[in-house]
Amino acid sequence: MKPITDALCGFRDLLARLAGALFRPERYAPGDDGTYAREVLNQPPRPVRAVEDGAPRAPTPHW
């Protein structure tokens, strides 16, 4: 009885994985290829405010 139960559980898990792959919702909206995010990330870093002596408070990140 134990081997039959294990086989049925394995078959059920396989069917669940296949159904999940077939009916998985789209992650992104149609037509969204990431161009807006790329535009945002490709902007140069914003300038950092300087203190009284002209030295920046924090180094400008170079991404």
Side-chain angles (χ1 to χ4, degrees):
M1 188 71 179
K2 177 78 170 145
I4 294 172
T5 306
D6 289 342
L8 289 175
C9 288
F11 184 66
R12 182 195 63 192
D13 292 342
L14 177 65
L15 286 178
R17 276 192 231 126
L18 288 175
L22 290 175
F23 300 111
R24 183 175 298 135
E26 291 186 22
R27 299 173 103 187
Y28 305 107
D32 183 20
D33 58 351
T35 54
Y36 178 72
R38 217 172 290 118
E39 289 173 3
V40 171
L41 291 174
N42 286 337
Q43 292 180 1
R46 296 180 179 171
V48 183
R49 285 190 199 152
V51 285
E52 306 304 324
D53 61 350
R57 293 184 188 178
T60 306
H62 299 285
W63 306 353

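Since the model is a prediction, treat every value here as computed from it, not as a measurement.
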Minimum heavy-atom distance between Glu39 and Gln43, given as atom pair plus value
O-CG, 3.4 Å

Partners of Asp6 by salt bridge (charged side-chain N to carboxylate O under 4.0 Å, His left out), sequence neighbours excluded?
Lys2

CG of Leu18 to CG of Asp13: how many Å apart, nearest 0.5 Å?
11.0 Å

For Leu15, I'd like to know if atom CG has over 12 heavy atoms of other residues, nucleotides or ligands within 6.0 Å.
yes

Starting from Met1 and following side-chain heavy-atom contacts under 4.5 Å between hydrophobic residues (I, L, V, M, F, W, Y), which residues can be reached?
none

